[in-house]
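Heads up, the thing below is written out as structure tokens.
From a predicted model like this one, the values you see are computed outputs, not experimental measurements.
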2 protein chains.
Amino acid sequence: MTTKTYGQYCGVARALELVGERWALLIVRDLLVGPKRYTDLRAGLPKIPTNVLATRLKELESAGLVERRVQPRPSGAVVYELTPYGLDLESVVLALGRWGARSLGELRPGEIATPDSLVMALRSTYHPPKRGTGKLAYELRFGDIVIHATCSGQTLTVEPGPFPEPAPSGMVVVEAMASLTPLLTGAIDGAKARASGIVGKQASAADLDLFATVFRIE
Amino acid sequence: MTTKTYGQYCGVARALELVGERWALLIVRDLLVGPKRYTDLRAGLPKIPTNVLATRLKELESAGLVERRVQPRPSGAVVYELTPYGLDLESVVLALGRWGARSLGELRPGEIATPDSLVMALRSTYHPPKRGTGKLAYELRFGDIVIHATCSGQTLTVEPGPFPEPAPSGMVVVEAMASLTPLLTGAIDGAKARASGIVGKQASAADLDLFATVFRIE
DNA sequence: CTGGATCCACACAGATACTG
DNA sequence: CAGTATCTGTGTGGATCCAG
């Protein structure tokens, strides 16, 4: 958001004036996963110049999308959190991520994945299973990055990190092999990932198929 | 799309590298209404510098979102048209427009509305009527700007300009008074617009109510 | 007239160093 | 930890000019 406007009385133009600048929607993407500290945002966006991050946060705050909160002592930590209006950007970020994931090829040199970006990617590909699958629990692993998801019906939760103990029984562990692409594009299959069961369940190819049905593009 | 990347293997980041630069999504917005010539795009985006428009079009073309076509003689006109991948940005533009429309206040000085922006705004607020309303036809007028829409069930068409002759019977004319805001935000009522029937129908407040139900935010 | 290209001034992004 | 300060380069805005 700058002094420069598009001069159009239009929702799209107004939205771009609020979140159209470089890095803004990526900051929102990470905040959609949960409130974060300044340092956490830097960790999730390693290539953002620190002055740009500071500027964006001020702009998003004065636009009413982000709230800067100082935690009570003793922590005294500064936390950035989306306001309700900021949270409503989820549909935008998900639509954008769905569209952009289609042109994700292989990992390019210097390119990284982050837990938060994976969380939003998974949220963007969710298709509620038709019926009778009950509650599903997945733990996704790619290298050091681990996220977990549970879903039943319309309700989906995806969060960074492994399941807190005790892990839900019936949880299926999905490990992406060699490439994240299939996970982000929904083109997952046995050659690209494997499912291993934990906690009283033996995972099978059928589990991976179900996963690929629930999380897919379009 | 520049040489600058976000360095993230993420659909959102990739999307922003493709259409995240200034003016890009507004060009896409106008092209979603239909193929356009260079001059038409300039007319719809009066404040875009001509070199920026030319640059964006090249970028969008090399990204595979836009196709530049030269019409056969005698016209020989240059036309820019969205590719299928570019057309898939409609969900993104609609989501962005819905979100941004909520912070549209009154028309600001120097701000204009265009037929294309109104067309996309109306598309973004469509809620298919539950049942039994049959086919609805509206002609919307605000100052010089006229667009028309028909809808029945899931199918919606909104296009710039008045209905071609002969106008559909039962068409309702909705005239925004003094302000476009209610049209774009769905907060329309009798104080802000009026419905007048044409072609064998006498429009009533009920017609305006139905309109406000079919086209509204969230 | 359409469909741009060229030029310049400047605001903003990127990179790095520094600070309460 | 949470930023600020400073410098540099590039993208953007604005105006003008040009070829078919």
Side-chain angles (χ1 to χ4, degrees), chain A residues 1-8 13 16-27 30-31 35-63 66-81 110, chain B residues 1-8 13 16-27 30-31 35-63 66-81 110-112:
Chain A
M1 182 190 52
T2 167
T3 159
K4 292 290 162 200
T5 68
Y6 290 103
Q8 305 230 138
L16 292 174
E17 288 168 5
L18 295 175
V19 295
E21 285 181 275
R22 215 163 147 70
W23 295 104
L25 275 181
L26 291 179
I27 295 170
D30 281 10
L31 290 179
K36 287 203 164 37
R37 307 179 55 158
Y38 190 88
T39 313
D40 299 329
L41 287 167
R42 289 193 61 175
L45 302 167
K47 292 190 64 173
I48 192 175
T50 167
N51 57 344
V52 172
L53 175 56
T55 304
R56 289 295 166 274
L57 285 171
K58 277 180 208 145
E59 290 165 348
L60 294 174
E61 190 186 359
S62 71
V66 163
E67 191 184 355
R68 181 187 191 273
R69 290 197 349 239
V70 181
Q71 304 281 61
R73 310 308 307 263
S75 90
V78 178
V79 172
Y80 292 91
E81 185 171 13
Chain B
M1 182 189 53
T2 166
T3 159
K4 290 290 163 201
T5 69
Y6 290 103
Q8 305 230 141
L16 292 174
E17 289 167 6
L18 295 176
V19 295
E21 285 180 275
R22 216 163 147 70
W23 295 104
L25 274 181
L26 291 180
I27 295 170
D30 282 10
L31 290 180
K36 288 204 162 39
R37 307 180 52 158
Y38 190 89
T39 313
D40 300 329
L41 287 168
R42 290 191 61 175
L45 302 167
K47 292 191 62 173
I48 193 174
T50 165
N51 57 343
V52 172
L53 176 55
T55 304
R56 289 294 168 274
L57 286 172
K58 277 181 208 147
E59 290 165 347
L60 293 173
E61 189 186 1
S62 71
V66 162
E67 191 183 356
R68 180 187 193 274
R69 291 198 347 240
V70 180
Q71 304 280 62
R73 311 305 307 265
S75 91
V78 178
V79 172
Y80 293 92
E81 185 172 14
E111 227 170 29
I112 61 159

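The phosphate of C:dT2 (OP1 or OP2) has no side-chain N or O of B:R37 nearer than 4.0 angstrom. In this structure, B:W23 does not reach the D:dG11 phosphate: none of its side-chain N or O atoms is under 4.0 Å from OP1 or OP2. One finds no side-chain N or O of B:K47 lying less than 4.0 angstrom from the OP1 or OP2 phosphate oxygen of D:dA15. Residue A:T39 has a polar side-chain atom (N or O) positioned under 4.0 Å from OP1 or OP2 of D:dA2.
Checked against C:dA5, D:dG11, D:dG3, the side chain of B:R56 finds its nearest nucleotide in D:dG11. Distances from the side chain of B:A77 to the nucleotides D:dG3, C:dG3, D:dA2 place C:dG3 closest. Checked against C:dG4, C:dA15, D:dG13, the side chain of A:K4 finds its nearest nucleotide in D:dG13. Looking at the side chain of A:V78, the nearest of the listed nucleotides D:dG11, C:dA5, D:dA2 is D:dA2. Distances from the side chain of B:P49 to the nucleotides D:dT4, D:dG13, C:dG14 place D:dG13 closest.
The CD atom of B:Q8 lies 10.5 Å from the CG atom of B:L16; values are rounded to the nearest 0.5 Å. Note that the CG atom of A:L26 and the CG atom of A:L53 stand 11.5 Å from one another [nearest 0.5 Å].
Figure legend: A:R22 and B:Y6 shown as a cation-pi pair, the cationic atom lying under 6.0 angstrom from the six-membered ring centre and within 45 degrees of its axis.
As rounded to whole Å, 14 Å separates atom C1' of D:dG3 from atom CD of A:E61. Taking atom NZ on B:K36 and atom P on C:dG3, their separation rounds to 13 Å, with Å as the unit. In this structure, CG of B:L53 is placed 16 Å from C1' of D:dA15, rounded to the nearest angstrom. Distance, A:Q71 CD to D:dA2 C1': 14 Å, rounded to whole Å. If you take CD of A:E59 and C1' of C:dC12, they are 10 Å apart, rounded to a whole angstrom. For the pair B:Y80 OH and C:dG3 P, the interatomic distance rounds to 8 Å; values are reported in whole Å. Atoms CG (A:N51) and C1' (D:dT8) sit 12 Å apart, rounded to a whole Å. In this structure, A:R42 atom CZ and D:dT4 atom P are separated by 12 Å, rounded to whole Å.
One finds no salt bridge joining B:E61 and B:K58 here, because no Lys/Arg side-chain nitrogen approaches an Asp/Glu carboxylate oxygen to under 4.0 Å.
The minimum heavy-atom distance between A:G7 and A:E17, with the atom names listed, is N-OE2, 4.2 Å.
Residues A:T50 and A:Y6 both approach DNA chain D. Their nearest nucleotides, taken by heavy-atom distance, put A:T50 toward the 5′ side.
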